[in-house]
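Structure record follows, encoded as structure tokens.
Treat the numbers as computed from the prediction; the structure is a model and nothing was measured. Throughout, residue positions are numbered sequentially from 1 according to the sequence presented.
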Amino acid sequence: MSFPLLTAVAVVPAAGAIATAALPAAKRTAAKWLALFFSLATFALALVVAFRFDPGAKGPFQLTESHAWISDFGVRYELGVDGIAVALIALTTLLIPFVILAGWHDADPLEEATPNRRWRPTQGFFALILAVEAMVVISFEATDVFLFYIFFEAMLIPMYFLIGGFGDRAGGDSEERSANRRSYAAVKFLLYNLAGGLIMLAAVIGLYAVTADQLGSGTFSLQQIVEARAAGKLDIATGTERLLFLGFFFAFAVKAPLWPLHTWLPGAMGESTAPVAVLITAVVDKVGTFAMLRFCLQLFPEASSWATPAILVLALISVLYGALLAVAQRDIKRLIAYASISHFGFIILGIFAMTTQGQSGATLYMVNHGISTAALMLVAGFLISRRGSRLIADYGGVQKVAPVLAGTFLIGGLATLSLPGLAPFVSEFLVLVGTFSRYPVIGIIATLGIVLAALYVLVLYQRTMTGPVKAEVKSMPDLRVRELVVVAPLIALLLFLGVYPKPLTDLVDPAVGHTLSVVDKKDPKPAVQVDAVPGQGRPGHAVPDQDVEAAK
């Protein structure tokens, strides 16, 4: 039997979480280095997966693993990756070492322990981060619906403790009030996602019942269900399929987050430390949009087409609502949170545009948004830790005293507004082109999100980095070596993928083509304008599709 590479990518961070948590309380520094070691080992394994993956190979999944698990209920331990999963696994495992380095001192004990100031266990903080990584990775790999559901829900537990137990302390309030805010944000995060998960569980059980009724034995295997539908052996009634689709989509829309199910995100990101905020929006939330591509579209193609108009409207509202709320924010971290809601609206827009450009752009957007948001949020975290405040009004003139910090903050912000030459531009451009080719009105309105993004990013930079130097900022140090090690590779990736996105597009395009074939969607044919071609119509007039080749 070949080496279970996909299992190893998930097991290594899980083992790291256990080893880190088991260290004695006095071994705080050892816990940090051990967590960093396991995160780098996981990234190395993810690179092996990427190099072994062949985008040109036949079949939807590669490096597959399949073992009996709960045979009586048709549950199997099935793993497999397509190009989309490989890209997101690489993103996740790349970001975790930077999250650990950025949060190097976030869980250090306070200098003074009082009844209102709790000592925070360093080992627990880093163990929880590795646990989240393990669960996210296996969620990207799972091709058994029930296996996916287990880890889709299980990742909520470590995230709850990271938000509620290791939150941001830069709000200026007492420790007690700060703890109350963190607890509220963590509980809201948990309740929203648990509600979505419970509805999805009902849909998962319904899917099993349908397959058991029509195939003779129930199954949760994605590939088996898709193949059975293609062969005509599985025919889900229209009403049943739509109900099952809504059960899955609701859970994924909460995780994504899609308006109006987004309200947990600003509080969760605002009350978290900057590394945990990156973990939420750049890693965990990607599971929601990924699952829409893998499960919603492929399991329920007819229902996906039926729901597309409504979902596109919700995505468009997310784009504009998130951007408008970002413009109005006074809190740096909440501004980035609302900007992420807008960006997730673009991702969902691309997915449900049902075009090659749209879905390729959406997948690239997941990766590029993860990198750009990580860069911006981590630099913002370094800034906030120096000043002790998240309020934009408490800053001014930072670029004069900390030019490197200001410069990296600017690049992260410009990437967030999708400046040409930086990675997110390619993604946003493809999403808008793909949307416009099938839904021109929605594509045109969505471009307003670009204008609003420029507004909230540039105003944020102007108010924090330019102008007179405020007294509280005069002694602010520039980025330290550890912080530069965190930020510099992310900036380099934004530049590289901005000018050369081909490695990513080559990776994800075959998976996108497979998804569209399952949904039975083809790219709309544009009207071709042929001028001054003898015998093929008047100049400037469209030539019928059947005459295009002859006209050329």
Side-chain angles (χ1 to χ4, degrees), residues 84 196 199-200 203 206-207 229 236-263 285 288-324 341-363 365-366 427-450 452 512-527:
I84 298 171
I199 293 173
M200 180 182 170
L207 179 64
R229 294 199 67 156
I236 306 176
T238 300
T240 302
E241 179 175 338
R242 291 177 180 180
L243 286 174
L244 295 177
F245 169 85
L246 291 174
F248 277 74
F249 181 79
F250 183 84
F252 303 152
V254 171
K255 184 86 78 181
L258 177 68
W259 183 92
L261 305 172
H262 68 284
T263 58
D285 286 354
T289 47
F290 164 80
M292 291 178 189
L293 276 167
R294 171 166 285 190
F295 295 106
C296 280
L297 298 189
Q298 297 192 45
L299 288 173
F300 315 110
E302 188 280 333
S304 298
S305 299
W306 163 75
T308 288
I311 293 172
L312 289 176
V313 170
L314 294 178
L316 182 61
I317 293 173
S318 288
V319 169
L320 301 180
Y321 173 86
L324 286 169
I341 292 171
S342 180
H343 296 150
F344 275 102
F346 275 113
I347 293 171
I348 297 171
L349 205 64
I351 292 172
F352 283 90
M354 302 291 187
T355 59
T356 302
Q357 299 99 325
Q359 291 193 358
S360 294
T363 305
Y365 215 135
M366 292 186 225
S427 318
E428 202 162 276
F429 178 77
L430 285 174
V431 166
L432 290 172
V433 168
T435 303
F436 181 83
S437 65
R438 197 182 292 277
Y439 303 99
V441 174
I442 290 179
I444 291 170
I445 298 174
T447 57
L448 294 175
I450 303 174
L452 293 172
V512 166
H514 170 75
T515 302
L516 287 174
S517 68
V518 171
V519 188
D520 195 22
K521 291 286 185 181
K522 296 180 180 179
D523 291 335
K525 294 182 179 180

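- The side-chain contact (heavy atoms from CB on, under 4.5 Å) check on Ala446 picks up Leu316, Phe346, Leu349, Leu432, with sequence neighbours excluded.
- The minimum heavy-atom distance linking Gly247 with Ile199 is given by the pair CA-CG2, 3.8 Å.
- Residues Phe250 and Leu261 meet the side-chain proximity criterion, which asks for heavy atoms closer than 4.5 Å.
- Ser427 is linked by a side-chain hydrogen bond (donor to acceptor under 3.5 Å, both in side chains) to Asn368, counting only residues two or more places apart in sequence or in another chain.
- Classification of the Tyr365-His343 ring pair by plane angle, with boundaries at 30° and 60°, yields tilted.
- The side-chain hydrogen bond (donor to acceptor under 3.5 Å, both in side chains) check on Ser318 picks up nothing, with sequence neighbours excluded.
- Ring planes of Phe249 and Phe245: parallel class, angle under 30° (limits at 30 and 60°).
- Taking the side chain as every heavy atom from C-beta outward, Leu297 and Met292 never approach each other to under 4.5 Å.
- With rounding to the nearest 0.5 Å, the separation of CE in Met354 from CG in Leu516 is 8.0 Å.
- The closest side-chain heavy-atom distance from Phe352 to Thr435 is not below 4.5 Å.
- From Phe344, atom CZ reaches atom CG of Asp285 across 4.5 Å, with rounding to the nearest 0.5 Å.
- Legend: residues meeting side-chain hydrogen bond (donor to acceptor under 3.5 Å, both in side chains) with Glu241, ordered by chain and number and at least two apart, are Arg229.
- Between Thr289 and Phe252, every side-chain heavy-atom pair lies at or beyond the 4.5 Å cut-off.
- Within the structure, side-chain hydrogen bond (donor to acceptor under 3.5 Å, both in side chains) pairs that include any residue of residues 296-307 comprise Arg242-Glu302 (at least two apart or interchain).
- With sequence neighbours left out, Arg438 forms a salt bridge (charged side-chain N to carboxylate O under 4.0 Å, His left out) with no residue at all.
- A 4.5 Å side-chain heavy-atom check between Trp259 and Ile341 finds every atom pair outside the cut-off.
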